[in-house]
Amino acid sequence: MKLTRIILDLIGWFQIVIGSTIIGGLIGGIFYYFLPDAGGCIILISLVILAFLVGVIWATRIWRRDGTVDWLSKIRRIT
């Protein structure tokens, strides 16, 4: 039972991290669309890395405080 909970929390953790990384990639992609040179590529990569790190920190806080499965189910009930 406890192993199942840990596996589900890990899956929820990955969902939170991937979600923030995708948002960072989309924002970086917009920058790269308007600046299609080396500077735009650096901005894109920087934003993706930053979003990934923020996602890791955010998901870890949620996991320690509420549990990612409980937190994600609250969000799904709101929408």
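Just so it is clear, the structure is predicted and the values come from calculations on it, not from any experiment.
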Restricting to side chain to side chain contact (heavy atoms under 4.5 Å, CB included), what partner residues turn up for Ser46, sequence neighbours left out? Ile42
Among Ile, Leu, Val, Met, Phe, Trp and Tyr joined by side-chain contacts under 4.5 Å, find the other residues sharing a cluster with Leu26 and list them by chain and number. Ile18, Ile22
How close do Gly25 and Leu44 get, counting heavy atoms only, and between which atoms? O-CD1, 3.7 Å
More than 12 heavy atoms from other groups under 6.0 Å of CZ on Arg64: no
Please list, chain by chain and in numerical order, all residues satisfying side chain to side chain contact (heavy atoms under 4.5 Å, CB included) with Ser20, sequence neighbours excluded. none
Qualifying residues under side-chain hydrogen bond (donor to acceptor under 3.5 Å, both in side chains), relative to Trp13, sequence neighbours excluded: Thr60
If a pair satisfies salt bridge (charged side-chain N to carboxylate O under 4.0 Å, His left out) and one of its residues is in residues 6-21, list it, with sequence neighbours excluded. Arg5-Asp9
Separation between CG of Leu8 and CG of Asp70, rounded to the nearest 0.5 Å: 10.5 Å
Locate the shortest heavy-atom distance separating Ala51 from Thr21; write the atom from each residue and the value. CB-CA, 4.1 Å
Other members of the hydrophobic cluster containing Leu47, with the 4.5 Å side-chain heavy-atom rule, please. Ile23, Ile27, Phe31, Leu35, Ile43
Atom pair CD1 (Ile16) and CD1 (Ile62), whose distance is rounded to the nearest 0.5 Å: 4.0 Å
Hydrophobic cluster (4.5 angstrom, side-chain heavy atoms) - remaining members for Tyr33: Ile30, Phe34
Partner residues of Ile57 under the side chain to side chain contact (heavy atoms under 4.5 Å, CB included) criterion, sequence neighbours left out: Arg61
Across all chains, not counting sequence neighbours, the side-chain hydrogen bond (donor to acceptor under 3.5 Å, both in side chains) partners of Asp66 are none
With sequence neighbours left out, the residues meeting side chain to side chain contact (heavy atoms under 4.5 Å, CB included) with Ile45 are Cys41, Ile49
In short, salt bridge (charged side-chain N to carboxylate O under 4.0 Å, His left out) pairs touching residues 25-52 with sequence neighbours left out are none
